[in-house]
Structures are given as C-alpha cells and as structure tokens.
Amino acid sequence: MTQSSAADRVFEVGKRRGFFWQSYEIYGGLSGMYDLGPYGAAMKENIINEWKYYFIRRHQEIMAEIETPIIGPEIVYAASGHLESFTDPIVTCQNCGRKFRADQLIEEVTGDKVEGKSNDELSRIIREKNIRCPICGGELGEVKSFNLLFKTQIGPYEGSNGYVRPELAQGMFLNFKRVYGVMREKLPLGLAQVGRVGRNEISPRQGMLRLREFTIMEFEFFFDPQEPGHEKYLERVKDKTLRLISAEDRLSGRSEPRKMMLSEALETGIIKTPWLGYWMVVSQEFIRSLGVPEENIYFEEKLPEERAHYSRQTFDQLVKTERWGWVEVAGHAYRGDYDLSRHSLYSKQDLSIFRQFEKPFIMKKKVVKVNRSILGKLFREKAGEIEGALTSMNPEVLKDLVNERREIEVNGFKVPTEAVVIEEVEERESGRKVIPHVVEPSFGVERLLYVVMEYGLKEKEDRLILSIPPRLSPFKIAIFPLVNDERLEGMAKRIFEELKQSGIPALYDDSGSIGRRYARADEVGVPFAVTVDFRSIEDGTVTVRYRDSWEQERIGASEVAEFLWKKLAH
RNA sequence: GCGGCGGUCGUCUAGCCUGGACUAGGACGUCGGCCUUCCAAGCCGGUGAUCCCGGGUUCAAAUCCCGGCCGCCGCACCA
C-alpha cells in the first residue's frame, strides 16, 4: 500500500486545526502517545457520549457505570493471568545487546512450533540447538519474559509492586458482587467503565491506531448461563444482519464475511452465546451512528491460538480504513466464568451469587441418625469417630444392614442396630449458587476518533469539509454577521450569548469574508451556521446554512436553540 | 526489534545529489487594518523555521559521514 491521501489529510487537519498530535513534541516526540487538542478532546467526549447512549442509557435497567483505579496491586494481575500471559519471551545477545523474540527466533531456525513453552524450556532449546544471534553471531543469554504491563511501585517500600491496568475488566470483576448488591441482586447485569489503560507495546506504529496509553470503553456483562434472560432483548434484533467470518470459515480459507441474521448465527452455533450476539448487533448500530456504512464493518472470529488467555470465543469488530485496511475497533469476548473464578481462588472470597428459585425445590432424602446416648455409653471417647463413620455411609446400604443384622461393624467396632436410625427428611433447595458468565465488548476510543475523522473528511471544491455526524461535532453551530456592520454584529453576538447561556457549544466569527468563515467552520465539522444579514434586523429572521449541502433556510432568530435540539436528537 | 524510505516556519513544500552567495525561499494559514449584502475574492502590514537531536569531516554543513530519536511501509503483536 502506498501513501494514501485520506490518512494524510486526517493527520494534517488533525494537527493544523488542533484535534490531535504526537505527545512530547518539543522533546522530539514519544512513540505511542498522543495529545488531544480542544477539538479532539470535545470530539472524544462526544464519541463516549454516543457510546453511553447506545449501551448504557438505552439499557439502564441492566447496566451500571463505575470507575476504578488505573494502578492495581500485583495480586490482581497474578489472578487475572496478565503477569503470566501478557508477555513475550525475549532473549538478549551477550555480544551486541540486541533483543529478539525468543519463540520467533527458535521457530525461524528450527521450524518447530514452540508457542506456549516456558522460558527455561526455550533457553534449553537455544543451548541445545546452539542458536546464536542472527545479526552478529554472538552468544545469547537466558530467555526472559518481556511483560507488556507497565510496572511501578506503590508507596516507598520495595516489593510493593503495582501495575497499570492493560484493560478495564479487572475493576469490574473485583467490584461485581458489591455492585450486584447495590443493583438489587438482579441478573443480567453489565458493569461499564470508560478509562485509560497502558500497554508497554514493543513497537507502536500507525499514528493514533496503536498507542501505549489509550482510552477504552468497555463493559462486562454478567449473566446466569442457565438462565441468561436475553429473550426480551433479542426480540428487537434477532432479524438484524451481521457481517461475519467464523473461525471455521477462516480455516477453510474464506476471507469474505458472510451476511447473516443474528438468529441464524445463534442457531448454527457460530456465535456461542446469545448475549454476545445481542451486543454485537448493538455495536454495529453504534459504529454506524459514527458515520461508518454497514458494508465497511464486519466481525471476525479469532482462532483459538489467537485468543487471549481468558477467552472462550472472541470476535474482533473491524472497520475499513483507507491506509491501514481493516482495523479492529472493538473486541467482543466471551470470557465465561474465568475471571470471577480466578479472583475467587486468589482472594479466597466467594464471588458466586445465590439465585433464588421461583418456588423452593423440595427433595426427599434419607439421612443417617444415631442415638448418641447409646454410642456414648458403649464407646466413650471413640463415640465421635464412630458417629462420623456411620453418618458418612450410604443411607440405603446402611438401611439394608440394619434390617438384616443386629450389629454393624464400623472401624473395627461392633455397633448395635438400635443405635442407628435411617430417617427420611425433606430438604428445601430455595436457590442455587452461580458464578455468572461474562460477555465483554471493548472499544478503543482513539481508534474510533481516527475512524470518525477519516470517514468524515470530504473534499468539496478544493475545500476540506469535516462531514461528521452533528452529535460528534466539537461545535454545534457557528454565528456570523454577514458583514462587519455594528448592527449585524450586535445581533449576532446576542444570539451567540443566548446559545452560550443554554450550554450549546457555539462559535462566533467575524474575521475575513463570509465565505472564509463558512470554510473555517466546515473544516472543524460545525454542522450548522447562522448568518445575520440586514433582513434579520428588519424581521428577526436569520439564515441557517447546512455544512454538508451548503443549502440555506430562514428561521426566526429566537428559534435557533430549538432548531438545534431537533437536529441533535437521537 | 529487524529491513526499506523519510524528517526544513502552524501546514504543505523549495533547497540536499554537485558543501560557500541561505541573513534558509514560496504558498496557504494565522494576527492587525482596509474593503466586502452569502461560500477560503482583493489590497496593505505583521507573525512565524532548534533545517529532528548529538557527534564527526571541512576554512565552511540544511547539504557529506556516524550514532540516536521520531514517522511511514513490510514482519510480529494488539482495542
């Protein structure tokens, strides 16, 4: 792929107009970090709001937003598996100091698959096969793990290690039980969070698409695998179509997505659990609302070896970009009960929940009871041991013995049958313990910011128009006096003040000619522009000019705010 | 990390090969002013460059050499 103009235009306008640029610029820049300027910050917030609308506000009865720390103690990432699995094995040349991915190097030299082997095993293979530095031929050191987690120290004491979160998920898992209680103990329940994460990527590239620090919009959706409760929600979307490639398709060499209804994907088992499919449809609606047409979105199932350590099934959601082709903007993972189970194990807390049955389940059951006064008199200090042995025996077997004989031999003691009674009791099961399963859709905000810019930027008569959905625009409206006449300026400023007071992000501009102002506003994506002309002074109307069509209409100066609310509504 | 290509005002770029007249030129933007009754019109003035950084060669380096940083593309990994 050669240089293509769309990405260049995005970064050019992005930098020139103050959307985003590389961080630490004056010190030469730092790879994988981006700063957002005033327009970029506003747009990012609008994207987040759009996400909240689709996933949280429209699902408020089953969704709760939380916020948790960026830095976590070591035990959390031991439990989550990131300390162990979020790594690449790396080996250093003792001579020239260059570093290599150990597994890749071995695979290149020997042709053997070594994925998943331990560092010690990899070191041993390097020694046995006498693998040397491919650049200088020097001897290689021991294989070490390069962990993609950013490590730090919490407080002044050494050994108190902390890690920057590489995903938001752990915050949700750790707090699940508490929030479940706050939310009146109902399943399904989603815990959502928007926040920054860090991943110490070996080599970040591609502008804002691959960052060492970025923002994720994510939720963990907890449900009871036996009673997922998706029916009501699925009703709305079961006939909607998704474009997807299954792992099976990929293994058989297919690279084109199939279009299929959600109901079909679920019936055929291509999507393993209904909630995963439900959120994939909502995710498609969300990405479309950012200005990406459906044919430029698809879902690709990851192959087992491509999946993260916690995942039972993962679909990436991809959007077509001009320079980088299909780019993952979201991951949709079915995490099963992996995380809650692991945190249960490490924290020794019971993270299961109790689900009450509609009616208690009554079970008749035979139990063994003993006459303690008989046992005590006969066996004294051995009585306890004998009682234990008896009650742990199968009641049915014991019952037969009691009916047949006068004595029963237990642990070498002869127990008279009158000391043993088999009783039938009723046991009430009013519910069951469940470790909920989890489906996780996770979006990268900066990637979406880029995608919105790329899809929005259009060229028209030698001008750049940022034709993004109005709800995402940093400014909703611009106010201009047609020419710099005191009366026009006065009225335009009054309209501007009024809009400002109602909290509408508005732009006032009276420099240069009217055409120049329209052009400037178009380039930063202002969807509507109000112009005050001489007729405005006479009859109180103004023109509204549309960014995308350049058409105009006249409305009352007092109706501008109302006009906007209508245009910006969902 | 490896390989290929690149890095000059806010942005795009001229100059680099063939070292010196470069006090680094232009366009656009931006700012101030004039003009202007609807699409970057015109005029005047201002602003703005560590020539990516460090070292070397040379009387002399944006230009040649070495190292590093950063970017793009390819390999790998990922939201």
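In what follows, every chain begins at residue 1, and chains take the letters A, B, ... in the order their sequences are listed. Everything quoted here is computed from the prediction, not taken from an experiment. Side chains included, hydrogens not; waters and symmetry mates left out as well; all remaining heavy atoms used.
Comparing the C1' positions of A24(B) and A62(B) gives an interatomic distance of 8 Å, to the nearest angstrom. Look at the C1' atom in both U8(B) and A14(B): the space between them is 9 Å, to the nearest Å. Taking atom P in both C28(B) and A21(B), one finds a spacing of 27 Å when rounded to whole Å. Between G55(B) and C12(B), the distance separating the two C1' atoms is 31 Å to the nearest Å. Using C1' as the reference atom, U50(B) and G7(B) are 14 Å apart when rounded to the nearest Å. Nucleotides A61(B) and U23(B), compared at atom P, are 12 Å apart to the nearest Å. Rounded to whole Å, the separation between the P atoms of G71(B) and U30(B) comes to 29 Å. Between G32(B) and A79(B), the two P atoms lie 48 Å apart (nearest whole Å).
His437(A) has its ring centre less than 6.0 Å from the ring centre of Tyr334(A).
The base of C38(B) is paired with the side chain of Tyr518(A) by a donor and an acceptor separated by under 3.5 Å.
For the pair Arg196(A) and Ile70(A), the tightest heavy-atom approach, listed with the atom from each and the gap, is O-CG1, 4.0 Å. The shortest heavy-atom contact between Ser473(A) and Gly525(A) is OG-O, 2.6 Å.
Under the rule for a side chain to side chain contact (heavy atoms under 4.5 Å, CB included), the partners of Asp533(A) that lie at least two apart in sequence or sit in another chain are Leu482(A), Arg535(A), Ser536(A), Thr543(A), Arg554(A). With sequence neighbours excluded, the residues that form a ring-ring contact (aromatic ring centres under 6.0 Å, His included) with Tyr518(A) are Phe480(A). With sequence neighbours excluded, the residues forming a side chain to side chain contact (heavy atoms under 4.5 Å, CB included) with Ala519(A) are Arg463(A), listed by chain and number. Arg212(A) is linked by a side chain to side chain contact (heavy atoms under 4.5 Å, CB included) to Ser31(A), Met33(A), Phe150(A), Asn200(A), Glu201(A), Pro204(A), counting only residues two or more places apart in sequence or in another chain. Taking the ring-ring contact (aromatic ring centres under 6.0 Å, His included) definition, one finds that Phe534(A) meets it with nothing, sequence neighbours left out. Legend: residues meeting side chain to side chain contact (heavy atoms under 4.5 Å, CB included) with Leu507(A), ordered by chain and number and at least two apart, are Phe475(A), Ala478(A), Val526(A). Looking at residues two or more places apart in sequence or on another chain, you find no ring-ring contact (aromatic ring centres under 6.0 Å, His included) involving Phe214(A).
Nucleotide G19(B) is matched to nothing when pairs are restricted to Watson-Crick or G-U wobble geometry with both distances under 3.5 angstrom. A49(B): no Watson-Crick or G-U partner with both key distances under 3.5 Å is found in any strand. If you check G74(B) for Watson-Crick or wobble pairing at under 3.5 angstrom, you find it paired to C2(B). Across all strands shown, C64(B) pairs with G56(B); the Watson-Crick or G-U wobble distances both stay below 3.5 Å. Pairing partner, G32(B): C44(B), with both Watson-Crick or wobble hydrogen-bond distances short of 3.5 Å.
When the C1' atom of G74(B) is taken as reference, atom CZ of Arg323(A) falls 14 Å away, rounded to whole Å. Atom-to-atom, CD1 of Ile216(A) to P of C78(B) comes out at 14 Å; the value is rounded to the nearest Å. As rounded to whole Å, 13 Å separates atom C1' of C28(B) from atom CZ of Arg520(A). In this structure, Leu140(A) places its CG atom 14 Å from C1' of G1(B), rounding to the nearest Å. The separation between His332(A) atom NE2 and C78(B) atom P is 16 Å, rounded to whole Å. The distance between atom CD of Glu523(A) and atom C1' of C28(B), rounded to the nearest whole Å, is 11 Å. Rounded to a whole Å, the CZ atom of Arg196(A) is 18 Å from the P atom of A79(B). In this structure, CZ of Arg516(A) is placed 4 Å from P of A41(B), rounded to the nearest angstrom.
Positionally, the nearest nucleotide of RNA chain B for Asp533(A) lies more toward the 5' end than for the other of Asp533(A) and Glu446(A). For Leu211(A) and Val542(A), each mapped to the nucleotide of RNA chain B holding its nearest heavy atom, the one lying further toward the 5' end belongs to Val542(A).
Taking every heavy atom of residues 481-494 of chain A and every atom of RNA chain B, pairs under 4.0 Å involve Leu482(A), Val483(A), Asn484(A), by number. Residues of residues 279-292 of chain A having a heavy atom closer than 4.0 Å to RNA chain B: none are found.
Residue-level contact check: Arg545(A) touches the bases, meaning some heavy atom is under 4.0 Å from a base atom. Base contact: Ile26(A) has a heavy atom under 4.0 Å from a base atom. Nucleic acid contact class of Thr543(A) (heavy atoms, under 4.0 Å, all strands): base. Contacts of Ser31(A) with the nucleic acid, taken as non-hydrogen atoms under 4.0 Å apart, involve only primed sugar atoms and P, OP1 or OP2.
Residue pairs meeting the salt bridge (charged side-chain N to carboxylate O under 4.0 Å, His left out) criterion with at least one member in residues 284-299 of chain A, sequence neighbours excluded, are Arg236(A)-Glu285(A), Lys240(A)-Glu285(A), Arg288(A)-Glu294(A).
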Listed pairs under 3.5 Å, donor-acceptor, residues 325-333 of chain A side chains, sequence neighbours left out:
from, atom 1, to, atom 2, distance (Å)
His332(A), NE2, Gln317(A), OE1, 2.9

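Stacking here means ring centres nearer than 5.5 Å and ring planes tilted less than 30 degrees, and by that measure Phe214(A) stacks onto A79(B).
Of the candidate nucleotides C31(B), G29(B), C70(B), G29(B) has the atom nearest to the side chain of Arg17(A).
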Whether each nucleotide of nucleotides 4-12 of chain B has a protein heavy atom under 4.0 Å at its base (B), only at its sugar-phosphate (S) or at neither (-) is summarised, 5' to 3', as -------S-
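Between Arg545(A) and Thr531(A), the closest side-chain pair of non-hydrogen atoms is not below 4.5 Å.
Relative ring orientation between Phe286(A) and Phe55(A) is described as perpendicular, the plane-to-plane angle rising above 60° on a 0-90° scale split at 30° and 60°.
Contact between the side-chain N/O atoms of Gln552(A) and the OP1/OP2 oxygens of C38(B) is not found at any separation under 4.0 Å. For the OP1/OP2 pair of C73(B) and a distance below 4.0 Å, the side-chain nitrogens and oxygens of Trp324(A) include at least one atom meeting the criterion. The phosphate of A41(B) (OP1 or OP2) has a side-chain N or O of Ser513(A) nearer than 4.0 angstrom. Proximity of Arg199(A) to the phosphate of C78(B): no side-chain N or O atom is located under 4.0 Å from OP1 or OP2.
Rounding to the nearest 0.5 angstrom, the gap separating the CE atom in Met43(A) from the CG atom in Leu472(A) is 6.5 Å.
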